[in-house]
Amino acid sequence: MSSQVSSASLVAELKSLRERVMGISESVISTTDGLLVAADTATVHPESAAALTAAMLGLGTRTAAEFGVGELRDVVTRCSGGYVLVLAIGRQALLMILGDEGLDLTALHRESPAAVRRLADLLGIELPPSPGVSSRSVPGA
Amino acid sequence: MSDHPAPRTARNIPALLLALRQEEFNGAVTVSGSPGGTIHLERGLVLAIETPGTPTAETLLLRSGRISEAAWNAALAATGSTDGRLERALIAEGALSAAELEIICAAAAFDGAFAMALSTPTGWQVTESATPPALALRPGLEPQQLFDETTHRRTRLTALWGPPAELSRTRFRAATRSGNEAARIHHRHQDLLAAATGRNTPRDIGFALGRGLFAVMLDLARLDARRLLHADQARPADTAPSVAPRTPPAGRPTATVGPLPRRTPGHHAPAAQHAPHSPTTPAEPPIASSTEKGQP
């Protein structure tokens, strides 16, 4: 990961995602080992969020492997007062999104692949050639 | 039965709903857009509207604190004896009265219609098998009632503030006010001012406080008229914490040998002890602690 990334541009990207998807309240970018990279937060403690995000991903990956349900796509925690989502930015970074109970999941699924790609560009992370949903153009049978 | 020739050719959502009312349709209309939403119908009457644009009846009840999480869960558990109907369970459990529930459900449906009318839908789908809403109004509302109320609300806000769609996208920040002035603000408005941080839209404030979109927008428009709000964007420089990206140090960190030094009262220099770690979590007393606060 490039060390000369402008945090302002990362925060601007997070802010833009928050403004485009109804219900996103805060978001945090961290490394896969739980170090804070950038945050667009109001109430949550960014450092704690970064650490928990890494733990959530670790648990999700391990669970997926244990039960043989394929590659982990994202981790979604649904609570009575909202959602916590963890999306991977390549193999080195994570995006945690905190939303209220009205989070527009449809819009999030529409917007997040492009947002993840832009964040990966900013962070100098190379994404795998087929980044999940957006380019599922595998020629079928 | 599954073919709806009339609705498919409807020009817009209101025309579609009126056609479905004629048909006495049972099912749901899923609207895509920003925000989209789901309109639940029974005999063509609107039972509930679920949209990211405004809190549902469930959120209104729980977030406002009208119903506790425990009471909600108890009612959920009791739905087995009320044919799976959460409304009946809530009333049977004494969580709230039938009249109050009806008011909340109707308010949520009107707010849903209003929220969805703030943007142009990109498409819709009519389905007969949709997940039923958590709370529904029975009998539902006549679609025409929803349209009339939505028109009324839009007119009201336009007269008071300006274009409702623009108001719904505005992120207000509370203006600084003198103590004298603050004393004259209604506590309902004070909650709103506290929630207006410049980050949230009226919809976000509605979800945070458990209030419907229209009520929040109306109050914000009134507060703005009293110059108690600034309609500006949050300044990213202020809200963003220090976010300098960190890279792990190039070399391996030197391993610390032995236990961590511990500070003991009365000694100025830290004295090495055999405890493997110093206590970090105050809730849990360290196992190796020499003096335990035993219970009498």
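Below, chains carry the letters A, B, ... as their sequence lines are ordered, and counting in each starts from 1.
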Student: Which residue out of D100(A), L105(A), D104(A), T106(A) racks up the most heavy-atom pairs below 4.5 Å with chain B?
Tutor: D100(A)

Student: Any salt bridge linking R18(A) with D204(B)? Criterion: basic side-chain nitrogen under 4.0 Å from a carboxylate oxygen.
Tutor: no

Student: Give me the atom names and distance for the closest heavy-atom approach of P52(B) to G102(A).
Tutor: CB-O, 3.0 Å

Student: Where on P35(B) is there a heavy atom nearer than 4.5 Å to chain A: the side chain, the backbone, both, or neither?
Tutor: both

Student: Once salt bridge (charged side-chain N to carboxylate O under 4.0 Å, His left out) is applied, what residue pairs with a partner in residues 74-89 of chain A remain, sequence neighbours excluded?
Tutor: none

Student: At their closest point, which heavy atom of E69(B) faces which heavy atom of S80(A), and how far apart are they?
Tutor: OE2-CB, 2.9 Å

Student: Apply side-chain contact (heavy atoms from CB on, under 4.5 Å) to residues E101(A) and R63(B) and explain how you reach the verdict.
Tutor: CA-CA 10 Å; E101(A) 55 268 60; R63(B) 271 294 169 109; 3.4 Å; yes

Student: Is a salt bridge present between R199(B) and D40(A), judged by a nitrogen-to-oxygen distance below 4.0 Å?
Tutor: yes

Student: Starting at CE of M22(A), measure out to OG1 of T201(B) and round the result to the nearest 0.5 Å.
Tutor: 6.5 Å

